Structure formats: structure tokens, C-alpha cells
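Here is the structure we will look at, set down as C-alpha cells.
As the structure is a prediction and not an experimental result, all values here were calculated from the model. What's counted below: heavy atoms across the whole structure, side chains too, no hydrogens, waters or symmetry copies.
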Amino acid sequence: MSTLATDRRIVVTSLDDIRVERIPRPEPGQGQILVRSTVVGICGSDMHAVHGRHPFVSLPMRPGHEVVGVIAATGAGVDPARTGTRVVIEPNLACGTCAQCLRGRYNICATLDVFGCQTPGGMTDHFVIAADRAVPLPDDLDDLRAALVEPAATPVHAVRRAGDLTGRRVLVVGAGPIGLFVLLAARAAGAAHIAVADLLEGKRELARRLGADSVLDPADPDAADHAVTALGGRADVVFDCVSRESTVRLAINVLDKGGLLMTVGVPSGPTSIDLDLVQDRELTIMGNLMYTRQDIDRAIELLRGATFALGDIVTATYDIEDAAEAFRASDDPRHVKVLVTVARP
């Protein structure tokens, strides 16, 4: 491959400073692949970082961890027959040797980096990554729907860690992409009644279309009482996909004794907790970070079987040259998922 080839890559310094930079096209090394990006999603975590509110991502960043692409070339030690394979990227960059990695929990690796967060990501024409980070895609999952695999994997992981949901009462707080995929995954896991809370009426109605049994406004002073009434009793599990102090308080007030609060959203700062209620009710508060390969595989199957209209989730697409507009659209809470399409340079 010619060393004179150059690629476009998006660099984000702030919401008002998002630009295309030119870089030399990379070449894959030992155990690596070169991937040509086709579609990249903008994540809520990206937007936290853009506003300087992500606890683990610094600016400037070169985003893109929700990536679909095609293997364009292989490095030494990688089967060249993989060239041309459509893939989604698993962005966990783990050490493989720490205690958590050895237990199979590499999503909480002691030195975890995330492709597109702590390292340059896939919002570029081409990128290199370790070959084992690429997951082949089935032919019946087109690129736009495949761009939802990564954001669906975190909710799948959260639902799996919550245990058996068969017959359980579930509250999902937040009806962005993560909350909506928690809804779909919890329904597939057998939850008996699922209520979804969101500030926006449009997103509440979307949640209802996607299968929520009831919806509510978390800003209502009586939201906790409404949730308990709608669920037919206190919740067994609350998935907090927002993770603000107000949503944690709502969750704790809704949970039944012995219930589980699963923190799925990225908190934007320290949060006070009603620890007296946690102690008195023997509540469990559990963190949830990313996923492992089995969750990626399950997310692919969930999306292959899903019947929702793509436009219900993907509410805008932009060309990579218009990435600044894409990020501004993502900052509008009326959008659900914004995608950036990457054409051949």
C-alpha cells in the first residue's frame, strides 16, 4: 500500500471545534488488520466527553468506538482470507494478563483503554486494530443496523448481569439508545412488566412502541408512586441509564426490598445516595461497564430478530465531512441515535 495515501480523521476539541484532519493511511502490523470504516455511531459517552463531563475521556479526542467496516488488508500472522469481511469492532483494549482479564472479565481490565476514547478511533477512512477485536457480521444485518451492535451490547451485558428476569418487574430510566436496548433485552429475557421513564414525551411514546408496558415522566413529583402503580408493585430491578442524582433517588424509592439498581449510564459527577434506604431494604447497587464477546454475539442475534423500524432508533445520518453537524444533532435530546457514514476517500 502506498505510503503517500492519506485519510480523513475527525478530531474533536469542543462542540464548537470539530474538524477533519488529514493523516497518512496506516498499515497493519503483526496481528493487526486494516479496516475501511463504513458507518460510525456517536455515543452518549462521546457527548459527555465533548462537554468535558466524561470522567475517563479527555479532549481533544479522535472518536469512533461504534464502528462498522470492511477488512481492507491484514498484517503478518493474520489470515489474508479475512480481507473483504464485514465486521463490527469490539473496542475493549485489554491487557489480557491482569486478574480480571484472566477471569474472563476483560471489560474491567486493570489497564483498560477503549478504542475511540483513550485512543484514536474509527471516525476515519481507515484504521488499524488487533485482529481479535473484529467480529464478523452476518449478511442479513446491513451496515446501518450493524452500527447498533456496539450500543446494544452494553444493555445486553447489563441485563445478563441482572440475573434471571423471568416474571420480574423492571423500571428503565432513560429512553435514549441504551435505555431502549435495555428495554428490548429485558423483554427478550422474560421480564413480566417493564416501565420506562424519560423526560421527553416523544421518547416515552417511542418506548411504548418498542414494547414498554407503561411509561412515565421522571420529573413528576409523584414519579416513584406512579412507577409502583404502573408496575403493579415495587420494582425488582431498575436499570438507570442516566445516572444522575435525581434518577438514583427515583430508582431507590421504586425498588422493592432486596431489589437491584443497575447503573448503566455514565455519571457526569459525584452522586449522593440514600444509604439508609439501601441498608434498610438490603438493596444491591451494581455497576455496569461495556461488555464481553458473548454480549456482542447476543446483541447481533437480538438485532437480527428485532422488528423495530430502523428510523425509530437511527434518527439522523451525516457524511463524515459533516461530522460537526452530526455532533450538534447528537446534542439535541430529541434525537435517539446519530450515525456518521464514511464513503471511500
Practice item. May I ask you to decide if Thr263's main-chain N or O and Asp240's side chain share a donor-acceptor pair within less than 3.5 Å? Key: no
Point to revise | Cluster link Tyr106 to Leu289, ILVMFWY, side chain under 4.5 Å | key: no
Practice item. Given side chain to side chain contact (heavy atoms under 4.5 Å, CB included), test Leu141 with Ile300 step by step and report yes or no. Key: CA-CA 8 Å; Leu141 201 62; Ile300 289 173; 4.3 Å; yes
Practice item. Please examine the side chains of Ile71 and Val87, heavy atoms only from C-beta on, and report whether any two atoms are closer than 4.5 Å. Key: yes
Review point. Short question: side chain of Arg204, backbone of Leu199 - any donor-acceptor pair under 3.5 Å?
Key: yes
Review point. Would you say Val12 and Val39 are hydrophobically clustered, going by side-chain heavy atoms of ILVMFWY under 4.5 Å?
Key: no
**Study point:** Nearest-0.5 Å distance that lies between atom CD1 in Ile10 and atom CD1 in Ile18
**Key:** 8.5 Å
Point to revise | Any donor-acceptor N or O pair under 3.5 Å, side chains His157, Thr292 | key: no
Point to revise | Between CG on residue Leu261 and OG1 on residue Thr247, distance to nearest 0.5 Å | key: 8.5 Å
Check your understanding: Is the side chain of Thr83 donor-acceptor paired with the backbone N or O of Ala72 at a distance under 3.5 Å, no angle test?
Key -> no
**Study point:** Asn92 side chain vs Ala94 backbone, donor-acceptor pair below 3.5 Å
**Key:** no
Review point. Minimum heavy-atom separation for Val182 to Cys241, with atom names?
Key: CG2-SG, 4.0 Å
Exercise for review: Would you please test Arg304 and Asp140 for salt bridge (charged side-chain N to carboxylate O under 4.0 Å, His left out) and show each step?
Suggested key: CA-CA 7 Å; Arg304 292 180 75 185; Asp140 60 355; 2.9 Å; yes
Practice item. For the pair Glu205 and Arg208, evaluate salt bridge (charged side-chain N to carboxylate O under 4.0 Å, His left out) and give the outcome as yes or no after the intermediate values. Key: CA-CA 5 Å; Glu205 290 309 307; Arg208 197 187 294 276; 3.8 Å; yes
Check your understanding: After noting the C-alpha distance and the side-chain angles of Arg160 and Asp295, does the key distance pass the salt bridge (charged side-chain N to carboxylate O under 4.0 Å, His left out) rule?
Key -> CA-CA 8 Å; Arg160 177 167 65 85; Asp295 302 308; 2.8 Å; yes
Review point. For the side chain of Asp236 and the backbone of Arg169, is there at least one donor-acceptor N/O pair under 3.5 Å apart?
Key: yes
Exercise for review: Determine yes or no for a side-chain-to-main-chain donor-acceptor pair under 3.5 angstrom, with Glu301 supplying the side chain and Ile296 the backbone.
Suggested key: no
Review point. Does any donor atom in the side chain of Tyr291 or Glu90 lie under 3.5 Å from an acceptor atom in the other side chain?
Key: no
Exercise for review: Determine whether the aromatic ring centres of Phe115 and Phe127 lie less than 6.0 Å apart.
Suggested key: yes
Review point. CG/Asp217 to NZ/Lys203 distance, rounded to the nearest 0.5 angstrom?
Key: 13.5 Å
Exercise for review: For Asp322 and Tyr318, indicate whether the former's side chain and the latter's backbone hold a donor-acceptor pair under 3.5 Å.
Suggested key: no
Point to revise | Cluster overlap Leu148 with Val68, hydrophobic side-chain contacts below 4.5 Å | key: yes
Review point. Are Ile252 and Leu277 close enough, and set up right, to give a side chain to side chain contact (heavy atoms under 4.5 Å, CB included), and what steps lead you there?
Key: CA-CA 7 Å; Ile252 289 175; Leu277 296 180; 3.8 Å; yes
Check your understanding: Are Phe239 and Ile178 co-members of a hydrophobic cluster defined by side-chain heavy atoms under 4.5 Å apart?
Key -> yes
Check your understanding: Checking side chain to side chain contact (heavy atoms under 4.5 Å, CB included) for the pair Val50/Met61: CA distance, chi angles, key distance, verdict?
Key -> CA-CA 8 Å; Val50 166; Met61 70 173 181; 3.8 Å; yes
Practice item. Applying side chain to side chain contact (heavy atoms under 4.5 Å, CB included), run through His65 and Cys43 and close with a yes or a no. Key: CA-CA 8 Å; His65 63 274; Cys43 180; 3.5 Å; yes
Check your understanding: Do Arg145's NZ or CZ and the ring of Phe308 fall within the cation-pi criteria of under 6.0 Å and 45°?
Key -> yes
Review point. Can Val314 be reached from Val40 by stepping across I, L, V, M, F, W or Y side chains whose heavy atoms are under 4.5 Å apart?
Key: no
Review point. When you check the side-chain N and O atoms of Asp164 and Thr166, is any donor under 3.5 Å from an acceptor?
Key: yes
Check your understanding: Any side-chain donor-acceptor pair under 3.5 Å between Thr124 and Asp7?
Key -> no
Check your understanding: Can a donor-acceptor pair be found between the side chains of Thr38 and Asp143 at a distance below 3.5 Å?
Key -> yes
**Study point:** CZ-CD distance between Arg8 and Glu21, expressed to the nearest 0.5 angstrom
**Key:** 13.0 Å
**Study point:** Distance-minimising heavy-atom pair for Val159 and Ala185
**Key:** CG2-CB, 3.7 Å
Practice item. Verify, without hydrogens or angle tests, whether His126 (side chain) and Thr6 (backbone) share a donor-acceptor contact under 3.5 angstrom. Key: no
Check your understanding: What pair of heavy atoms forms the shortest contact from Val336 to Gly176, and how long is it?
Key -> CG1-C, 4.4 Å
Point to revise | Backbone of Pro136 reached by a side-chain donor or acceptor of Thr85 within 3.5 Å | key: no
Check your understanding: What heavy-atom pair brings Ala223 and Pro218 nearest, and what distance separates the two atoms?
Key -> CB-O, 3.8 Å
Review point. Are Arg187 and Asp213 ion-paired here, with the side-chain N under 4.0 Å from a carboxylate O?
Key: yes
Check your understanding: How about Glu66 and Pro151: do any of their side-chain heavy atoms sit closer than 4.5 Å?
Key -> yes
Study note, to complete from the structure: On a heavy-atom basis, the closest approach of Leu255 and Leu283 is CB-CD2, 4.0 Å
Point to revise | Reported CG-to-CG distance for the pair Leu216 and Asp222, which is rounded to 0.5 angstrom | key: 11.0 Å
Review point. Within the side chain of Arg281, is there an N or O that forms a donor-acceptor pair under 3.5 Å with the backbone of Asp276?
Key: no
**Study point:** Step-by-step side chain to side chain donor-acceptor pair (under 3.5 Å) determination, His193 to Ser214
**Key:** CA-CA 8 Å; His193 192 111; Ser214 52; 3.1 Å; yes
Review point. At what distance, to the nearest 0.5 angstrom, does NE2 of His54 lie from CG of Asp46?
Key: 8.5 Å
Check your understanding: So do Asp274 and Val248 actually touch side chain to side chain, heavy atoms under 4.5 Å?
Key -> no
**Study point:** Shortest non-hydrogen contact from Leu200 toward Asp198
**Key:** N-OD1, 2.9 Å
